[in-house]
Amino acid sequence: MENQLNLYNTLSRKKELFEPINPPFAGMYVCGPTVYGDPHLGHARPAITFDLVFRYLLHLGYKVRYVRNITDVGHLVADLDEGDDKIAVKARLEQLEPMEIAQYYADRYFIFMDSLNVKRPSIEPRASGHMIEQIRMVGQILDAGYAYVENGSVYFDVEKYSKTFEYGKLSGRVLDDLMTNTRALEGQDEKHHPADFALWKKAQPEHIMRWPSPWSEGFPGWHLECSAMSTKYLGNYFDIHGGGMDLLFPHHESEIAQCQAAIGHESVKYWMHNNMVTIQGQKMGKSLGNFINLEEFFTGSHRLLDQAYSPMTIRFFILQAHYRSTLDFSNEALQAAEKGLKKMLAAYETLGRMIAVNPSPPTPLKDINPSPPTPLQGTNPSPPTPLQGTNPSPPTPLPGGEGRVALLRQECYSAMNDDFNSPMVIASLFEGVRIINSAADKKETLSPDELVVLKEIFDTFLFDILGLKDEKGNDQRETVDGLMQLILAIRQKSRETKDWGTSDQIRDTLQKLHITVKDGKEGSTWETL
RNA sequence: GGUUUCGUGGCCGAGUGGUUAGGCAGCGGUCUGCAAAACCGUCCACAGCGGUUCGACUCCGCUCGAAACCUCCA
């Protein structure tokens, strides 16, 4: 009962019990990037948010098909004197094929998302590769009578649609307001109603991205690709559709209308939206000069950044806030996240040493090392546990799960089941950190079984579900570890003879190599920065 | 102007009608050859004004402020 997943459905504005349409399968579609520029913070948040959802659904045992599109056709440009395509504009500026631009930035997107340990979705379809599907959907909407052709372009008839259906139900818009508040835009006189939107646009002569269609040489409208590709890969009715809150209107609103018109019913059961990112309380925008892309975060090469922040610091920071809250980036906040994550990972290492010293009876350990990002995933990634009907229960707990340690695990599940509350999970894990460190200090005792359960909790939640990982290189780990044991043994000897000169020289030299020696009651340990 | 989401301590951020969030920073201790790390304790709070209630930070209303969308963007 308590282990049932609840998620916030934007459509109902309530948390709802997650009941997949076809268990054990779960389908999720998320609006991906328009690949005409380098990935920035605004790309990281939805990617990580829905990566968390993806990972948790997998953990619960669902067979998840996660579809995230690549928009390589581009959207219309802001200054509408042109009505141009973003990718096309960039292509003209840089004297490149549009597809060359799209390929370059798609590759960049993948690289940066990989570094953030975002799992690759099951399918990443491209808009340009689904022209046939989009054209067919335009035809379906025309056949249903909810669109009209004007001068080679096709528009969705919002006014007619709203006589039968509720256009605006997702975003809370009222059509009358839209009518009065929509700006009269140049070149839009083909529309019968200001709220109508394009399904197909006839290309002007200067347009370089164009495809043939029954109506004109042109390109698909803004919202069509998501409707066409989501239903193609997930069926006419699927579980979750996600994206940023900024897409609520008009994008997702129009998707609902398109599917209703083309298919005869809505296609999405649960709508999920992540909130936005601000930088020092301000919106992030190119015009404000506070637009920081991910490469600049990772290298620290932006005037607003005091230092570089690693991908895992960014990820941890994003997960420390609930996905439906706005998130404010500042150096102070990022540095706090960096330290917190380091403390967490250090405790995990401590835990590993305690288990090595204190072996428990032969209990099978699973996933000793957090798995690196899976290179490629099939359409149906295999779940970690057997399926158990509509509401799979979490994996069978290891023995020894009693008292505070078992409580921790329960808290983690409760938090995740309450609309993916990752900040609560992290708070619980920090309680685990406290327990581990206290035990290491001999201020508390942990049974071998408890140690194993703690490790299982960290492996499951910190690494598998939150998707964090230790960024320290593992290449020559054993060699370095052996060398360090030797060095620390020599230093220990010099300390026993009160040869502080030697012992301090070792410590200080190691510090210069970014290795910190930590002296404790039971001897010394070390860690890298 | 409209729609939506918010306003929590020095900073970031959870949560709840009456009971400790958590992280970072600060302060006091323990430990230490010195330090670091770690542990323990501790200070600082719920934008403002009304209302409902035995009791509100939590519910309702208003005010002020912020962000997103309404126009390209996550």
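Chain letters run A, B, ... following the sequence lines, proteins first, then strands; residues in each count from 1. Because the structure is predicted, anything quoted here is derived from the model rather than measured.
Where Gly244(A) and Tyr8(A) meet RNA chain B, the nucleotide closest to each residue was compared, and Tyr8(A) sits on the side nearer the 5' end.
The base of G33(B) is not paired with the side chain of Asp499(A) by any donor and acceptor separated by under 3.5 Å. Donor-acceptor pairing under 3.5 Å, judged by distance alone, is absent between the side chain of Arg434(A) and the base of C39(B).
Under a cutoff of 6.0 Å and an axis angle of 45°, Arg13(A) and Tyr8(A) do not form a cation-pi pair. Relative to the ring axis of Tyr29(A), Arg68(A) does not place its NZ or CZ within 45° and under 6.0 Å from the centre.
If you check every strand for non-hydrogen atoms under 4.0 Å, Lys343(A) touches sugar and phosphate atoms only. Across all strands, Asn274(A) comes closer than 4.0 Å to no nucleic acid atom at all (heavy-atom distances). Residue contacts shown for Ser325(A) are limited to sugar-phosphate atoms, with no base heavy atom under 4.0 Å away. Contacts of Arg495(A) with the nucleic acid, taken as non-hydrogen atoms under 4.0 Å apart, include base atoms. Within the 4.0 angstrom heavy-atom criterion, base atoms lie near Arg507(A). Counting any heavy atom pair closer than 4.0 Å across all strands shown, Arg68(A) reaches no nucleic acid atom. Backbone-only engagement by Gly340(A) is indicated by non-hydrogen atom pairs under 4.0 Å involving sugar-phosphate atoms exclusively. The residue Asn437(A) sits close only to the backbone: its heavy atoms come under 4.0 Å of sugar-phosphate atoms, none of a base. Ala427(A) comes within contact range of at least one nucleobase, with a heavy-atom separation under 4.0 Å. Leu341(A) comes within 4.0 angstrom of nothing in the nucleic acid, heavy atoms only. Note on Phe329(A): nothing from the nucleic acid sits closer than 4.0 angstrom, heavy atoms only. At the heavy-atom level, Asn275(A) lies under 4.0 Å from the strands shown only through sugar-phosphate atoms. Heavy atoms of Leu327(A) sit under 4.0 angstrom from primed sugar atoms or phosphate atoms, though from no base atom.
Aromatic rings from Phe50(A) and Tyr66(A) are positioned such that their centres are separated by 6.0 Å or more. Two rings, from Phe297(A) and Phe329(A), have their centers less than 6.0 Å apart.
For the residue pair Asp72(A) and Tyr105(A), no side-chain donor N or O sits within less than 3.5 Å of a side-chain acceptor on the partner.
Taking atom CZ of Arg353(A) as the reference point, atom P of A37(B) lies 16 Å away to the nearest angstrom. One interatomic measurement links the two molecules: CZ of Arg324(A) to P of A68(B), which rounds to 19 Å at whole-angstrom precision. For the pair Asp441(A) CG and G29(B) P, the interatomic distance rounds to 18 Å; values are reported in whole Å.
The same atom, C1', is picked in G13(B) and in C6(B); the two are 13 Å apart, to the nearest Å. Using atom P as the reference point in both C60(B) and A68(B), the two lie 25 Å apart (nearest Å). Look at the C1' atom in both G51(B) and U58(B): the space between them is 15 Å, to the nearest Å. Distance check on atom C1': U8(B) versus U3(B) gives 26 Å, rounded to whole Å. Taking the C1' atoms as reference points, U32(B) lies 13 Å from C39(B), given to the whole Å. Going from the C1' atom of U4(B) to that of G41(B) covers 44 Å, rounded to whole Å.
For Arg434(A) and Glu444(A), the salt-bridge test passes: some basic side-chain N is under 4.0 Å from an acidic carboxylate O.
By the stacking rule of 5.5 Å between ring centres and under 30° between planes, Trp500(A) stacks on the base of G33(B).
Phosphate contact (OP1/OP2 of A35(B), side-chain N/O of Lys518(A), threshold under 4.0 Å): absent. Remark: His322(A) is not in phosphate contact with A14(B), judged by side-chain N or O atoms under 4.0 Å from OP1 or OP2.
What you find for Ala333(A) and Phe317(A) is that their closest heavy atoms are CB-CE1, 3.6 Å.
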